[in-house]
Amino acid sequence: MKKILLLVIVSLFAFSQFSLAGLSEPIVDYHIKAKLIPEEKSVLGEEELTWRNDSNRFVSELQFHLYLNAFKNSRSTYMRERRGIPRDLRSNRRNWGYIEVDKIQIKDGPDLSSAIEYIQPDDDNKDDQTVMKVTLLEPIPPHGKITLQIDFYSKLPRVFERTGFFKDFFMVAQWFPKIGVLWQGEWNCHQYHANSEFFADFGVYTVEITVPEGFVVGATGKRIDAARNEEGSITYTHYQEDVHDFAWTACPDFTEYKESYSLKNPPVHTEIILLIHRSHRNQKERYLSSLKNAIEFYSQSYGAYPYPTITLVDPPLGGFAAGGMEYPTLFTSMAVSWMPKGVYMTEMVTIHEFGHNYWYGIVGSNEFEEAWLDEGINSYSEIKALAKYYGENSSMLNIHGVKMSDLLFHRLRVIASPRLDSILKNSWEFYNSATYGINVYSKAAFMLLTLENYLGEDVMSEVMRTFFEKWKFRHPRTQDFVAVAQEVSGQDLGWFFDQYLNSVSKLDYAIHRLRSRQVKKPEGILEPEEEALEKSRSGEIQQQKKMYRNEVVVVRKGELIFPQEILVTFEEGEKIREKWEGKERWKRFIYIRPYRLKLAQIDPDNKIPLDINRLNNSQLFIPKKISPLKWALRLMCNFQAFLSYLSF
Amino acid sequence: MKVLRSYGGGIIDAILEPKMMFVLWLRNFIFGLFIFYLLLRLLSGAMGKTVFAESLSFDINILFDLLVHHGQSYSMIISAGIILIVLYFLVSIFLYGGILSILTLPPEAKEEKRRFAQIFFQGAGKYFGRFFRLSIYSLLLWAVFILINLLLNPLGKLLTGDGTNERTAFYLLWIRLAIGLFLVFLIRMILDYSRIEIVILDSRSIFLSLFKAIKFVFQNFGKTLALYYLLVLTGIALISVFWLLKSYLPSFSSPWLTILVPLVVAQLYIFFRAWLKIAFQSAQLVFYIRLSAI
């Protein structure tokens, strides 16, 4: 009775939200009953989905993601793109995963199961079953609704890519038939690719999760009920609106820690839930403090965290493949029990994955087509957050004096990049996962850091806030971000984004040459007035000091253009800052001084992280041996010590 | 008592052989110079003109730029380093004969030590072929070492539940490291006694010498181990002293002192390592002679 009453309340609440719209304009309303069958490593599900046609056209077919079919066999698009089947799948047939739709029916209407068809909108791979199309008997009119009842069976794979099981740890994600996005009049429902994440519409989720007793469960949204069943299982009901996905986890070895978190400015009230595997209990404080830092940073930088809960899932070592992944109001991080304090891996993953609640969760960009909008912006945010809380130079590593920043970690990826892809591309069309990662994470983050240094921190901060505010609970595209940046900064930034989003070229400016020559008096035949003038000048020169013609030549070695600053330092200590638009291939600066040049530096304040070579950004007039000598000697001594250990 | 006496004798004998220490240090220094030359050329070319050439502090940013933009030169240095390591290994085998020839000289033949170079290099030449063969045969022992490690893998998985029991996995890692180190020391000890056997008995049957050394080590397992670990502890003490010395070096205003003082300390360290290596040979030689009553 209690359960029925509760469901009625939830339904009424959800319906009111669905009709009146909360933070988002809900397109979907899911009611799912899911039962975990641990011995089969599977989930039995019943889904009731109400979908609203937000377009101005009649819709005669529906498209659904069946993501788990990516793990069904070696012929799926995911497996083909991945090039190589994980050993765990090969070794045991039970380790593969799939989803079967047993029935799909219009509520109180006809059964559509016979209309199920697998389609492959991206690659025509007829063996791929990750997208399902259902043709309707009657089209849905503009702004009309349809309610479907779907029975499904999800066999989870042994976890090697975000979702699945490891022993009795279950990360249940991308696990139910999820409707695609009818976007700009067309279905946007891509297959599961090796290099892409996800895209879905905002809405309301009410999910009842039934697990055997002893399992600790965490899920998207707020828990509104927990009921013990007669057969010795427990059903947890979770509810969340304004989200576009639902994931959950179950494991008997989780310890649950809860703590309420508040922030005054902006006002944030949420409940932090940590689900920590028993082997990592000593990592609780690290998780908690980094998560609090993350909530504070993102709330203050972009906007208040709006959800009532945030759940952090800590997978066991064997389930690490589920780690470092984001879902609305729930994310997985990773830790090992013996991780030294100065290695900020756990902090980095926690901050990054929490950040996806903003860039993916709230600002729901299309990860298939424009992954930089979530990964790039989030990596940019992650670099700044880690620098704030763990030090500019030590935000990744700080052990026994060895320091490394998160920025440096990303920079290494960017400068070593083979430059085969641009940032803006369909995720599955990248050359491989490495170039995907380099471009959509690191290079995109560096693009934004470079823009920040160009516009100034305050303007950039306003750009990000405005973008968040304008596009929260909506689906922005790249041009929307560019438009916000231009609007806020009041500048035409087309030249910037066109280059950096679409080009594979490099940004590399260098000091090409320094010269300093004594000024000599002119020779040859001069006009009488000029000769007189020169005489007086040479008298001046003799009276004063020797004069030098100092020359600095700067060059653009890459195709990408960016305005540059050049700092010229003279022997006597005089410093001159020059500006250069950087459009030409080279530029010469000449200074007549009674002293010589000492040093010229391009981008002297390291404001352009995208510049791939810092070694050519400066040049001394007189080369120095001291530092090379020191490092050569030090490395020699290390080599000697190594040799002495090798032999007797 | 025999162990302590052998240890003391070995330490003193090594102190009395400064020429040998010098030869070993010189060998190491010459090999180091090759790498120094290559590195200096690369670093001067890559950063000598830049602002980083003025700074003596370590900048990890520049390390990555050097690796990425001058990677080919580094590959060349790594290749050169591998060749140097092989050559160093061969030179070490060569010098072994010389060291043992000097150490096995009877006390009454002291005047012969005036002919140090002649005896040393004659011995080095005489035993090079035999010691080289011994190195080849020692691959059998290293194969056993690898086999034991491979056998420990499934045992580790069983105990750690595929890594789920992280604490157990962590401690097991240290235990495996300790076992590995123990085996490495054991093999090196056996090879030391094999060489001693070859020199003292002027044996040409290398395989037999190796077998006899194994027998000797296991027959006197506690004592041979005790002596070896006493010497290892001496080495650890030596490393600690130099580590402390390095850590507490004052900072100098002169850049040249900043470079030269650590260099001198490093060379002193290598020199004392040479002394320790001689002490290892000498102490085990004294111990072998005492126990074998030769």
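As a basis for the values below, the full set of heavy atoms in this structure was taken, side chains included, without hydrogen atoms, waters or symmetry mates.
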Practice prompt. State, yes or no, whether a side-chain contact exists between B:H69 and A:N616 at a heavy-atom distance under 4.5 Å.
Written response: no
Worksheet item: Is it the side chain or the backbone of B:L63 that comes within 4.5 Å of chain A heavy atoms, both, or neither?
Response: neither
Worksheet item: If every non-hydrogen atom of A:C637 is compared with every non-hydrogen atom of B:Q267, which pair is closest and at what distance?
Response: SG-NE2, 3.8 Å
Worksheet item: How about B:Y37 and A:M636: do any of their side-chain heavy atoms sit closer than 4.5 Å?
Response: no
Worksheet item: What is the minimum heavy-atom distance between B:G48 and A:L620, and which atoms define it?
Response: O-CD1, 4.0 Å
Discussion item. For B:T258, is there any backbone N or O sitting under 3.5 Å from a side-chain donor or acceptor partner on A:K630?
Written reply: no
Worksheet, complete the sentence: Counting heavy-atom pairs under 4.5 angstrom with chain A, the leader among B:L263, B:L66, B:L67, B:I85 is B:I85
Practice prompt. Can you tell which part of A:I415 gets under 4.5 Å to a heavy atom of chain B, answering side chain, backbone, both or neither?
Written response: both
Worksheet entry | Contact leader toward chain A among B:L42, B:L260, B:L38, B:T50, where contacts are heavy-atom pairs under 4.5 Å | B:T50
Practice prompt. Kindly check if the number of other-residue, nucleotide or ligand heavy atoms within 6.0 Å of CG (A:D168) is above 12?
Written response: yes
Practice prompt. Can you measure from CZ (A:R513) to NZ (B:K49) and round to the nearest 0.5 angstrom?
Written response: 10.5 Å
Discussion item. For a quick test of reading the model, state the closest non-hydrogen atom pair linking B:D65 to A:R614 and the distance between them.
Written reply: OD1-N, 3.2 Å
Worksheet item: So what's closer than 4.5 Å to chain B heavy atoms on A:I511: side chain, backbone, both or neither?
Response: neither
Worksheet entry | Separation between CZ of B:R27 and CD of A:Q640, rounded to the nearest 0.5 Å | 10.5 Å
Fill in: B:F64, part contacting chain A, at a heavy-atom distance under 4.5 Å
both
Discussion item. Testing the basics here: between B:V51 and A:S618, what is the closest heavy-atom pair and its distance to 0.1 Å?
Written reply: N-OG, 2.8 Å
Response to the item:
The interface call for A:F642 against chain B, heavy-atom contacts under 4.5 Å, is side chain
Item to complete: Can you see which heavy atom on B:E166 is nearest to which on A:S279, and at what distance?
Response: OE2-OG, 3.8 Å
Fill in: Interatomic spacing from CZ in B:R167 to NE2 in A:H280 - rounded to 0.5 Å
10.0 Å
Worksheet entry | Gap separating the CZ atom of B:F52 from the NZ atom of A:K624, nearest 0.5 angstrom | 14.5 Å
Item to complete: Evaluate the side-chain proximity of B:V68 to A:N613: yes if any heavy-atom separation is below 4.5 Å, no if none is.
Response: no
Worksheet item: Heavy-atom count around B:F94 CZ within 6.0 Å, excluding the residue itself: above 12?
Response: yes
Practice prompt. Using non-hydrogen atoms and a 4.5 Å limit, figure out which bit of B:Y269 sits close to chain A: side chain, backbone, both or neither.
Written response: side chain
Item to complete: To the nearest 0.5 angstrom, please state how far the OG atom of A:S644 sits from the CG atom of B:L24.
Response: 10.5 Å
Worksheet, complete the sentence: Applying a strict 4.5 Å limit to non-hydrogen atoms, the region of A:Q601 in contact with chain B is side chain
Worksheet item: Has A:R94 got more than 12 heavy atoms of other residues, nucleotides or ligands less than 6.0 Å from its CZ?
Response: no
Worksheet item: What part of B:L33 lies closer than 4.5 angstrom to a heavy atom of chain A: side chain, backbone, both or neither?
Response: both
Worksheet entry | Contacting region of A:R634 [heavy-atom separation from chain B under 4.5 Å] | neither
Worksheet item: For B:L40, which of A:L629, A:L635, A:L633 qualifies under side-chain contact (heavy atoms from CB on, under 4.5 Å)?
Response: A:L629
Worksheet item: Hey, does A:P628 have a side-chain heavy atom less than 4.5 Å from the side chain of B:R41?
Response: no
Response to the item:
To the nearest 0.5 Å, atom CZ of A:F639 lies from atom CD1 of B:I35 at 4.5 Å
Discussion item. Less than 4.5 Å to any heavy atom of chain B: does that hold for the side chain of A:N282, its backbone, both, or neither?
Written reply: side chain
Response to the item:
B:L43 and A:A632 have their tightest heavy-atom pair at CD1-N, 3.8 Å
Worksheet entry | Over 12 foreign heavy atoms within 6.0 Å of CZ, B:F34 | no
